[in-house]
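Below is one structure, written out as structure tokens, with a few remarks after it.
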Amino acid sequence: MNGLTLWNARGDDAFGTSCPVCGGRLVGDAEKGEQVCLNCGCVTFAPADAGPEWKAMDLQEKAKRVRVGSPTTLSLQDMGLTTEIGRSGRDSRGNSIDPTMRATIEKMRKWQSRSRTNSSEERGLAIVLAKITELCQSLSLPDNVAETAAQIYRISAKMKVAKSKSIIGMTAATVYLACRKCGVSRTLKEVARAARMDKGSVARYYRLVLKEVEKEYVPPQSVDKYISKLINMAKINPKVELMALTLSRQTRDSKISSGKAPAGLAAAYVYLSSVLVGEHIPQREVAEFAEVTEVTVRNRCREILDNFVIRQVFEPSR
DNA sequence: ATGGTTTTTACTGCGTC
DNA sequence: GACGCGGTAAAAACCAT
């Protein structure tokens, strides 16, 4: 997907289940939570502010995102054999479904009711997996993250870790862990907000799952990922991204990054780059998008500038 | 629980447009 | 005067032990 990073100039309803340009099918990009159209190749991404106002659209989204004939998936209680099948008789592109397919769907529906969850355990599993899918959607996460989250939850359920734990808590924790494992940059804060939980509780559940299920160390998100994400969310000129990534690479492995919140560091790189490139985004805005304070941005900037000399190579402008 | 580190909060001062 | 920027002290949050 490298080099394909377009940004949504209109900033409106580009994120959906079908391509805003040609109506083609969108597939997720594991890197950034973007979606790419299989038909025309254009890239869309989630609206910058995942504020509460698009809760309303989540339900519609959910209804629209019916998966017909998709491959088996771990994020459904029965691996996807019992898809919730809409009654509209239309597929995800809005085309009507041909009779053969319709028959297949009917068969699936029949089998679905037969194999329906009978034990309470399985019912519980189904509920949580649905929650996971829902949370992933409201965070605009690619499918593979949902799958990973589902897998993590299955394991923790099997290990009885999830026993008598809050459903949203476990959901948020597994989704957050899945993000980290898949290298998708979503902060704990973002996950907590989407799950309507406070950060502290999600962190507690996260630790629990990490300790009991994952056991291995899951490295934090690289600064680069945050930079790309910031650029995408704030619809900043890609030139700035290039600059920020370059700076980030040059200064990697330096002491300045150890123990610091990657989001703050990324914000500092983006800010500095915006100045260097001549696009100049106020600290205030960068900080806001990175969900850190201006103070943090400033502190990171100072450390970067204290430790490195930035020599700008001016191109002859004619 | 604790102590060290980082981030946030709240406030102030400076220069510029 | 409003705005962007830089700084500071103290509180709060975080994290490893």
Side-chain angles (χ1 to χ4, degrees), chain A residues 48-51 161 165-166 168-170 172-181 183-227 229-231 233-237 239-240 243-244 247-248 251-310 312:
Chain A
D49 51 335
V161 175
K165 296 291 183 316
S166 116
I168 355 151
M170 287 303 295
T174 50
V175 169
Y176 179 59
L177 178 56
C179 283
R180 290 183 69 144
K181 286 187 82 170
V184 176
S185 46
R186 290 292 183 281
T187 58
L188 188 62
K189 210 188 258 180
E190 287 172 297
V191 176
R193 189 168 46 217
R196 297 162 187 278
M197 290 181 73
D198 65 291
K199 222 165 95 181
S201 326
V202 180
R204 264 208 310 285
Y205 281 102
Y206 172 66
R207 280 166 198 290
L208 177 80
V209 175
L210 197 65
K211 201 171 101 192
E212 301 296 330
V213 182
E214 193 58 28
K215 294 196 170 93
E216 283 169 36
Y217 174 65
V218 182
Q221 292 311 300
S222 73
V223 174
D224 289 7
K225 293 255 168 65
Y226 276 104
I227 292 175
K229 185 184 161 198
L230 257 179
I231 301 286
M233 291 201 315
K235 308 186 190 84
I236 300 167
N237 189 327
K239 266 199 304 189
V240 180
M243 186 80 223
L247 287 181
S248 151
T251 57
R252 175 161 317 157
D253 303 329
S254 148
K255 60 184 175 180
I256 60 168
S257 58
S258 74
K260 302 298 195 312
L265 202 53
Y269 282 123
V270 170
Y271 170 69
L272 286 176
S273 307
S274 79
V275 175
L276 288 173
V277 169
E279 293 275 319
H280 202 277
I281 306 145
Q283 292 176 356
R284 170 97 254 293
E285 280 179 41
V286 181
E288 195 179 319
F289 279 113
E291 303 204 44
V292 294
T293 39
E294 288 173 71
V295 181
T296 306
V297 176
R298 283 201 285 272
N299 288 340
R300 290 301 85 76
C301 280
R302 187 157 29 120
E303 284 161 16
I304 294 166
L305 295 174
D306 281 352
N307 287 278
F308 296 93
V309 181
I310 298 176
Q312 188 165 20

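Each chain gets a letter, A, B and so on, in the order its sequence line appears, and its residues count up from 1.
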5' to 3', nucleotides 1-17 of chain B under a 4.0 Å protein heavy-atom cut-off (B base, S sugar-phosphate only, - none) gives -----SSBBB-------
If every non-hydrogen atom of Val191(A) is compared with every non-hydrogen atom of Ala172(A), which pair is closest and at what distance? CG1-O, 3.6 Å
Spacing of Gln283(A) atom CD relative to dG7(C) atom P, expressed in whole Å: 10 Å
Can you name the residues that form a salt bridge (Lys or Arg N to Asp or Glu O under 4.0 Å) with Glu190(A), not counting sequence neighbours? Lys229(A)
List the residues meeting ring-ring contact (aromatic ring centres under 6.0 Å, His included) with Tyr176(A), not counting sequence neighbours, and say none if there are none. Tyr206(A)
List, one per line, each side-chain donor-acceptor pair under 3.5 Å for residues 270-277 of chain A, sequence neighbours excluded.
residue: Ser273(A); atom: OG; partner: Ala244(A); partner atom: N; Å: 3.1
residue: Ser273(A); atom: OG; partner: Tyr269(A); partner atom: O; Å: 2.5
residue: Ser274(A); atom: OG; partner: Tyr271(A); partner atom: O; Å: 2.7
residue: Ser274(A); atom: OG; partner: Ile281(A); partner atom: N; Å: 3.1

Tell me every residue that passes side-chain contact (heavy atoms from CB on, under 4.5 Å) with Ala267(A), counting only those two or more places apart in sequence or in another chain. Leu230(A), Val286(A), Ala290(A), Val292(A), Val297(A)
Between dG6(C) (P) and Ile304(A) (CD1): distance, integer Å: 12 Å
Identify the pairs formed between an N or O of the protein and an N or O of nucleotides 12-17 of chain C at a distance under 3.5 Å, and give each distance.
residue: dC14(C); atom: OP1; partner: Lys199(A); partner atom: NZ; Å: 3.2
residue: dC15(C); atom: OP2; partner: Arg207(A); partner atom: NH2; Å: 3.2

Partner residues of Arg284(A) under the salt bridge (Lys or Arg N to Asp or Glu O under 4.0 Å) criterion, sequence neighbours left out: Glu288(A), Glu294(A)
By side-chain hydrogen bond (donor to acceptor under 3.5 Å, both in side chains) - contacts of Arg207(A) (at least two apart): none
Return no unless some side-chain N or O of His280(A) is found under 4.0 Å from OP1 or OP2 of dC3(C). no
Partners passing side-chain hydrogen bond (donor to acceptor under 3.5 Å, both in side chains) against Asn307(A) (at least two apart in sequence or in another chain): none
